[in-house]
Q: 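Structure incoming, see below.
Since the model is a prediction, treat every value here as computed from it, not as a measurement. Quick note on labels: first sequence line is chain A, next is B, and so on, each numbered from 1. Atom set for the values below is all heavy atoms of this structure, side chains included, hydrogens, waters and symmetry mates excluded.
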Number of protein chains: 2
Amino acid sequence: MDKKTVTIKDIARMLGISKSTVSRALSGRSDIHPETKQKIMALANDLHYEPNALAINLKQQKTNTIGVIVPETVNRFFARAVGGIQKVSDMAGVNVMICQSNESYISEKNNLHSLVSSRVDGLIVSISSETDRTDHFKPIFERGIPIVFFDRICEDVHASQVYTDNYEIAFEGTEHLITRGYRRIAFVAGPQHLFNSRNRLLGYLDALKKHNLPVKESYIIHSHYGSGKVEEYTRYLMQLPQRPDAVFAINDYAAIEMMHIMKKNGLKIPEDVAFLGFNNEDMCRFVEPPLSSIDHPAHDMGAAAAEILINQMRHPDLKPESRIIKSRLVVRESSGARLVL
Amino acid sequence: MDKKTVTIKDIARMLGISKSTVSRALSGRSDIHPETKQKIMALANDLHYEPNALAINLKQQKTNTIGVIVPETVNRFFARAVGGIQKVSDMAGVNVMICQSNESYISEKNNLHSLVSSRVDGLIVSISSETDRTDHFKPIFERGIPIVFFDRICEDVHASQVYTDNYEIAFEGTEHLITRGYRRIAFVAGPQHLFNSRNRLLGYLDALKKHNLPVKESYIIHSHYGSGKVEEYTRYLMQLPQRPDAVFAINDYAAIEMMHIMKKNGLKIPEDVAFLGFNNEDMCRFVEPPLSSIDHPAHDMGAAAAEILINQMRHPDLKPESRIIKSRLVVRESSGARLVL
DNA sequence: TATTTTTTCGAGACCGTTCCCGGGAACGGT
DNA sequence: ACCGTTCCCGGGAACGGTCTCGAAAAAATA
């Protein structure tokens, strides 16, 4: 068997020419006789020659690939964002390496070093929910590797950012519930060291203030993404002396599960309790009643991040860029008009 | 700024020693004076030295990483499978490179060459729904790179395989519907060049035969994954002179959307039409009525694939291995007992 | 003190490419 | 017949590490 992988040198030897010539043919340069090139290409094809990207990248001092770190792709928001990244990367002819931090700081750090070690030319990162310090990004960014943070951005690194108008849309969502007649609005918040979560909470609070509604600490739940505690939270809310008449949740999963449990306990949606989620997952349309949600343009965010990054890879002296992508409130029946005030 | 990345040679020069010694310290070998090692480690740390994985891998002639090609991670089945792959890979200390084919043959081929070019030590692949030939895998597998196909396996490459008991579970699912009193069972099938789809269809057909039910071609829909034609299919089924009283769908998305449309058209689930899906997505629990489904153990399949692959990477003369993972029928209300026969 | 063993380190080849540079052949113009 | 171009091609350094081999220094042994 020809177990050994075939190299440029093998081809050169078999053809009785130098490896320089083979390299020239394979990398499509012009200063080579068409006939020689033809022979080289034919043999390379026969032998199933695969160029060694390691050697090429080492020599060229660049890899033409961007590294991506996202919390987890089972979260469809991130899966779609990665889709957006790959779409524009493919168009631009650059490769993508995807890593998942699984919402773990240590794993995010490992991914980061692994990517830098592989000499990616740039990074697109959405930090884990556990990450509350940024010392791992700083030296890498300062070394000149462009970074674009998206959605879960890292505030104290002066890199490019792509995020949504969290504050505004949370404000709008809350106001929507208020104008529909809901007054006791609970808020399922995310970890407060995350930029997104903080701004969403602020939007919620300011909307309450604007409409002269009291802010009750007992209505604010500080959850973690995917904490699996939704049932506990739901029971907590239901047993409150003044049960909330609406819930604005940090994501659709929490909203849907909560809604489900409340329904099983005989509460009517949206008459007794309205629901508003975040992310506008497909399944919002299929639950009973269909869930109102904030459409979070994942694909666009990924695409924008890749655009910015690739641009900076090509023009290293460009300044970091911030881009804000607009979210959109999608109203469905779960936040319909309240019947009884 | 120290824009240039620091290398082993830089450290050697600054310390007035040879790069061999630095290499020894950094790669943790023993034949080095503790004090020298200490100094090297300290300086490396100060300079934020990151080893160049390209150089190391090139020299070592192996990368200690496995390449993964899946159709798309927005499909949660594959996202979970990737999770399983990464879990056991992390435990074993090997890296993972994830690529998405987006259900495209050409893109699958590109991914494949890109991974081989990056000299991954092994491959885990679930082929795209478009892929109906296998000539791209053959030369690579014959070159000695171990491959594990999972779920969407490639039959004519004699590589390792991990798949579920498609035939048996489709048989069981169909029989379940029959024993619950449903007689006119429609089947939403996948592309027939895929091993899975074929076997599931066979299971369905054989279950009908066993119970002496007629096979009606008009009840069998040949769909493509994610074709966006569910509404068309649903209308087609509803207008049949003998409307089916049950639908067994290739995946939960199709089942849920179909169920939703039929409900809107006034059909009672499961009294008028029962539903059974495939994959047991989270949302099955939250739709109305909860959707019965086949639990497809994605995480376990990924984990098994990684186990087998890593084992073969470590012991190159191992024979290819096939492993069958058991699926499980999860009965919920969408396939409850029929009231009117 | 002489010899052997152990410890610690340096020189340099090598992995598979790219690319600069220089050289020979062919060719056209004078 | 000579010279300047143009066209092809080969030699060899470089990319950043690892690793083998041997040598010098230090320690142990005789």
Q: If you count heavy atoms of other groups shown closer than 6.0 angstrom to NE2 of A:His158, is the number above 12?
A: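 For A:His158, atom NE2 is not crowded (no more than 12 foreign heavy atoms under 6.0 Å).
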Q: Answer yes or no: is there a side-chain heavy-atom contact under 4.5 Å between A:Ser160 and A:Ser322?
A: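 Side-chain contact under 4.5 Å: no.
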Q: May I ask you to test the B:Thr164-B:Pro297 pair for a side-chain heavy-atom distance under 4.5 Å?
A: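 Heavy-atom side-chain distance check passes, below 4.5 Å.
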Q: Classify the nucleic acid contact of B:Leu58 as base, sugar-phosphate or nothing, counting any heavy atom under 4.0 Å across all strands shown.
A: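 Base, at least one base atom sits under 4.0 Å.
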Q: Would you tabulate the pairs of protein nitrogen or oxygen atoms and nucleotide nitrogen or oxygen atoms of nucleotides 18-21 of chain D closer than 3.5 angstrom?
A:
from   : atom 1 : to      : atom 2 : distance (Å)
D:dT18 : OP2    : B:Ser23 : OG     : 2.4
D:dT18 : O3'    : B:Gln60 : NE2    : 3.2
D:dT18 : O2     : B:Lys59 : NZ     : 3.4
D:dT18 : O4     : B:Lys19 : NZ     : 2.9
D:dC19 : OP2    : B:Arg29 : NH1    : 3.1
D:dC19 : N4     : B:Ser20 : OG     : 3.4

Q: Indicate, with a heavy-atom threshold strictly under 4.0 Å, whether A:Leu54 touches base, sugar-phosphate, or nothing.
A: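 No contact.
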Q: Between C1' on D:dG16 and CD1 on B:Ile11, what's the gap in Å once rounded to a whole number?
A: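 About 12 Å, once rounded to whole Å.
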Q: Between A:Asp10 and A:Arg13, is there a side-chain N and carboxylate O pair less than 4.0 Å apart?
A: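 Result for this pair is yes, salt bridge flagged.
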Q: Rounding to 10°, can you tell me the angle the first-five-pair axis of the helix from C:dT1-D:dA30 to C:dT30-D:dA1 makes with its last-five-pair axis?
A: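 Inter-axis angle at the termini of the helix from C:dT1-D:dA30 to C:dT30-D:dA1: 50°.
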Q: First and last nucleotide of DNA chain C in contact with chain A, 5' to 3', at under 4.0 Å to a heavy atom: what are they?
A: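 In short, chain A contacts DNA chain C from C:dC15 to C:dC19.
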Q: Just to confirm, is there a sub-4.0 Å distance from OP1 or OP2 of D:dG17 to any side-chain nitrogen or oxygen of B:Tyr49?
A: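 Checking B:Tyr49 against D:dG17: at least one side-chain N or O falls below 4.0 Å of OP1 or OP2.
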Q: Mind checking what makes side-chain hydrogen bond (donor to acceptor under 3.5 Å, both in side chains) contact with B:Arg133, not counting sequence neighbours?
A: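 If we apply the side-chain hydrogen bond (donor to acceptor under 3.5 Å, both in side chains) test to B:Arg133, skipping adjacent residues, there are no hits.
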Q: With the threshold set at 4.0 Å, does a side-chain nitrogen-carboxylate oxygen contact exist between A:Glu321 and A:Arg323?
A: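 Between A:Arg323 and A:Glu321 there is a salt bridge, with a charged N closer than 4.0 Å to a carboxylate O.
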Q: May I have the list of side-chain donor-acceptor pairs in residues 38-49 of chain A shorter than 3.5 Å, sequence neighbours left out?
A:
none

Q: Could you give me the CA-CA distance, side-chain angles and deciding distance for A:Ser107 and A:Asn102, then say whether side-chain hydrogen bond (donor to acceptor under 3.5 Å, both in side chains) is met?
A: CA-CA 7 Å; A:Ser107 170; A:Asn102 293 307; 4.8 Å; no
Q: State whether the side chain of A:Asn111 and the backbone N or O of A:Ile69 hold a donor-acceptor pair below 3.5 Å, judged by distance alone.
A: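 Not a single qualifying donor-acceptor pair exists.
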Q: Judged by each residue's nearest nucleotide on DNA chain C, which is more toward the 5′ side, B:Ala55 or B:Thr21?
A: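 Result: B:Thr21.
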Q: Do A:Asn57 and A:Arg119 come close enough that some side-chain heavy atom pair is under 4.5 Å?
A: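 With C-beta onward as the side chain, the pair stays apart.
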Q: Residues in side-chain hydrogen bond (donor to acceptor under 3.5 Å, both in side chains) with B:Glu130, at least two apart?
A: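 By the side-chain hydrogen bond (donor to acceptor under 3.5 Å, both in side chains) rule, B:Glu130 matches no residue at all.
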